2 protein chains.
Amino acid sequence: MQNASHRPDKPSPDAQPAFLFDLDGTLIDSVYQHVLAYREALGKVGIDLPSWAIHRRIGMSDELVVRAFMRDSGHRLSPKNLARLKQLHDKAFKSRLKDVRVLPGAKELLRALTELQVPYAIGTSSKRENAQGSLRMLGIGKQVPVITGEEVSNAKPNPDLFLATAERLGVEPIHCVVIGDSVWDLLAAQRARARGIGLLCGGYGEDELTRAGAYRVYRDPADLLAHLDEVGVRVEG
Amino acid sequence: MQNASHRPDKPSPDAQPAFLFDLDGTLIDSVYQHVLAYREALGKVGIDLPSWAIHRRIGMSDELVVRAFMRDSGHRLSPKNLARLKQLHDKAFKSRLKDVRVLPGAKELLRALTELQVPYAIGTSSKRENAQGSLRMLGIGKQVPVITGEEVSNAKPNPDLFLATAERLGVEPIHCVVIGDSVWDLLAAQRARARGIGLLCGGYGEDELTRAGAYRVYRDPADLLAHLDEVGVRVEG
C-alpha cells in the first residue's frame with residue numbers, strides 16, 4: 001500500500017485523502033452549551049431568540065452569527081452592545097465548559113487516521129481562545145494544523161478556513177474531505193471544492209446536511225471510523 | 001360562519017378542527033434545557049450519552065426514554081439507579097427552569113384559537129409537576145384540558161395522550177390536528193388518526209418531521225398562527 005506522506009505537494013491518485021475537520025459539534029459535544037450560552041448572552045442585550053434558531057447559526061463566523069441574530073430578531077445592536085454580546089457569550093460558554101465532552105469515537109478516529117497516514121487538520125470558526133480547551137480534550141498536539149476564525153478573512157460558510165487548512169497540509173482541496181456537523185461546514189466544503197461528510201452529532205437532521213452538500217452522513221466520529229472505507233480511505237494494505 | 005361549539009359531540013363537516021398541542025419544544029422553549037439536564041443526570045449514574053442523541057429522545061414517555069438511553073449506551077441501570085436518574089433529571093431541569101421561555105407566538109396562537117372558537121388541549125409526556133411551570137407561563141387556565149404522562153397507560157409515541165385529549169374535548173380524533181416538534185408527537189398523531197403538523201422550534205429538521213407524518217411544517221407557533229388557513233381553520237366569516 002502506498003500512503004500519502006504527511007505533506008505531499010502533489011498527491012498521487014492513490015494517496016490517502018486528507019481530512020479537514022470542524023471542531024464544535026463534530027469532534028466535541030459543545031453545541032448545546034453554545035446554544036444556551038448565546039441564549040443567555042442575547043437575553044442580556046435585550047434580544048429574545050429561541051434556542052433552535054440559535055442552534056442553526058452555530059458554526060458560522062462570529063460576524064455572520066451576530067448579523068443573523070439581529071435579522072432574525074429584528075433588533076439592531078450598537079457596536080458597544082455587539083462587543084458586549086461576544087464577551088457575554090464567551091463568559092457564559094466558559095461557565096458551561098465543565099459539561100463539555102469529547103464526542104464518541106473522536107479520539108479513536110484521529111488515532112486511526114494517524115496510523116493510516118491520513119493527513120488531517122482542524123478548521124473552526126471559533127476563536128483560538130475558545131478552541132484551546134477542546135483541542136486539549138482531544139489530545140491534539142502541535143503537529144496537527146489548526147486554523148481558527150480570527151486567522152482568516154471570512155470564516156464559514158466561506159471556504160477560507162478549509163482552503164487554509166488544506167494549504168497547511170500541502171494537499172489540493174479536491175483531494176480533501178471536510179467533516180462537519182452543520183450546513184455551514186458543508187457549504188464551505190462545496191465552495192472549497194472538497195467533498196463534504198456530515199455528522200449528526202451536532203443535532204442537525206440528515207436531510208439538512210445532505211441538501212447542504214454532504215455526500216455521506218454518519219452518526220458521529222465512531223460511526224465514521226467504522227466506515228472509513230466508504231469515504232475513500234484505504235484501511236488495508 | 002358556523003363555529004364548532006367548544007365541546008361538540010359530533011362535529012359537523014364545517015366545524016373548526018380541534019388542536020391538540022404538545023408542550024415542550026412546541027409551545028415552550030425547554031428542549032435544550034431538558035437535553036442538558038438529562039446529560040447531567042445520566043453522567044451521575046455512569047452513562048455518557050452525547051447531547052444530540054438525548055435530544056432525539058425528548059418527548060417520548062419517561063419509560064421509553066430511559067429504555068432508549070440504556071440501549072444507546074449499552075448500560076443497564078438497576079431499579080434504584082433508574083429512580084435516581086429520574087430524580088436527578090427533574091432536579092437538574094428545575095435548576096434550568098429560570099432560562100425557559102415561551103416560544104414566539106405561542107400565547108398569541110392560543111388567544112387566536114379561542115377567538116376563532118377552535119377547541120384546543122395539551123397532551124404532554126411530561127409529568128404534571130414538570131408541566132405546571134410551562135402552563136403558568138402560557139397563561140393556560142383550568143378551562144383547557146391538559147393530559148400528562150402519568151395519566152395514561154402509555155405516553156408518546158403511543159396515541160393515548162392525544163386520544164385522551166380529543167375525548168376530553170368531545171371531538172373525534174379524525175377532526176383533530178396534532179401540533180408537535182418531535183417525531184414522537186407525529187407518530188402518536190398518526191396512530192390516533194389525527195393529522196400532524198410539525199414545528200421546527202424543538203430543533204428537529206423539517207425532513208425528520210415530514211417523514212414521521214407531518215403534512216405541514218412551520219417554524220414556530222407564530223408561523224403557524226400566520227398560516228392557520230392552510231391547516232383547515234376558517235379565519236374569516
Side-chain angles (χ1 to χ4, degrees), chain A residues 24-44 47-56 58 72-74 92 96 98-106 181-183 198-212 217 219-223, chain B residues 24-44 47-56 58 72-74 92 96 98-106 181-183 198-212 217 219-223:
Chain A
D24 290 289
T26 296
L27 296 171
I28 293 288
D29 191 6
S30 55
V31 168
Y32 291 71
Q33 284 84 5
H34 273 299
V35 169
L36 292 179
Y38 262 125
R39 203 173 189 324
E40 184 183 321
L42 284 164
K44 287 182 179 170
I47 291 182
D48 183 29
L49 272 183
S51 309
W52 79 280
I54 298 171
H55 186 176
R56 263 47 187 185
I58 303 292
D72 292 350
S73 66
R96 289 166 169 86
K98 66 178 189 322
D99 300 324
V100 169
R101 301 275 180 281
V102 166
L103 278 161
D181 69 298
S182 81
V183 302
L199 298 187
L200 295 173
C201 46
Y204 275 82
E206 180 166 352
D207 188 62
E208 296 175 272
L209 300 179
T210 304
R211 268 182 288 153
V217 176
R219 288 172 58 88
D220 54 23
D223 192 26
Chain B
D24 290 288
T26 296
L27 296 171
I28 293 287
D29 191 6
S30 55
V31 168
Y32 290 71
Q33 284 85 5
H34 273 300
V35 169
L36 292 179
Y38 262 126
R39 203 173 191 321
E40 184 183 321
L42 284 164
K44 288 183 180 171
I47 292 183
D48 183 29
L49 272 183
S51 309
W52 78 281
I54 298 170
H55 186 176
R56 264 45 187 184
I58 303 293
D72 292 351
S73 67
R96 289 166 168 85
K98 65 180 191 321
D99 299 325
V100 168
R101 302 273 181 279
V102 166
L103 278 161
D181 70 298
S182 80
V183 300
L199 298 187
L200 295 172
C201 47
Y204 274 82
E206 180 166 351
D207 188 62
E208 295 175 273
L209 301 179
T210 304
R211 268 182 290 152
V217 176
R219 290 171 57 87
D220 53 23
D223 192 26

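All chains are named by letter (A, B, ...) in the order of the sequence lines, taking the proteins before the strands, and each is independently numbered beginning at 1. Note: hydrogens, waters and symmetry copies are ignored here, and every other heavy atom, side chains too, is used. These numbers were taken from a predicted model, which means no experiment stands behind them.
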Distance from A:Glu206 atom CD to B:Asp207 atom CG, nearest 0.5 Å? 8.0 Å
Separation between CD (A:Gln33) and CG (B:Leu36), nearest 0.5 Å, reads 5.0 Å
Can you list everything that forms a side chain to side chain contact (heavy atoms under 4.5 Å, CB included) with B:Ser182? Sequence neighbours excluded, please. B:Trp184, B:Asp185, B:Tyr204
Could you check which of B:Gly25, B:Gly43, B:Gly202, B:Cys201 has the highest count of heavy-atom pairs closer than 4.5 Å to chain A? B:Cys201
Who passes side-chain hydrogen bond (donor to acceptor under 3.5 Å, both in side chains) against B:Asp48, sequence neighbours left out? none
Where does B:Arg219 contact chain A at under 4.5 Å (heavy atoms): side chain, backbone, both or neither? both
Between B:Pro50 and chain A, with a heavy-atom cut-off of 4.5 Å, which part of the residue counts as in contact: side chain, backbone, both or neither? both
Could you pull out the closest heavy-atom pair between B:Trp52 and A:Tyr32, with the gap in Å? CA-OH, 3.5 Å
Salt bridge present between B:Asp29 and A:Arg39 (N-O < 4.0 angstrom): yes
In terms of relative ring orientation, are A:His55 and B:His55 parallel, tilted or perpendicular, with 30° and 60° separating the classes? tilted
If you count heavy-atom pairs under 4.5 Å with chain B, which of A:Val102, A:Leu200, A:Val31 comes out on top? A:Leu200
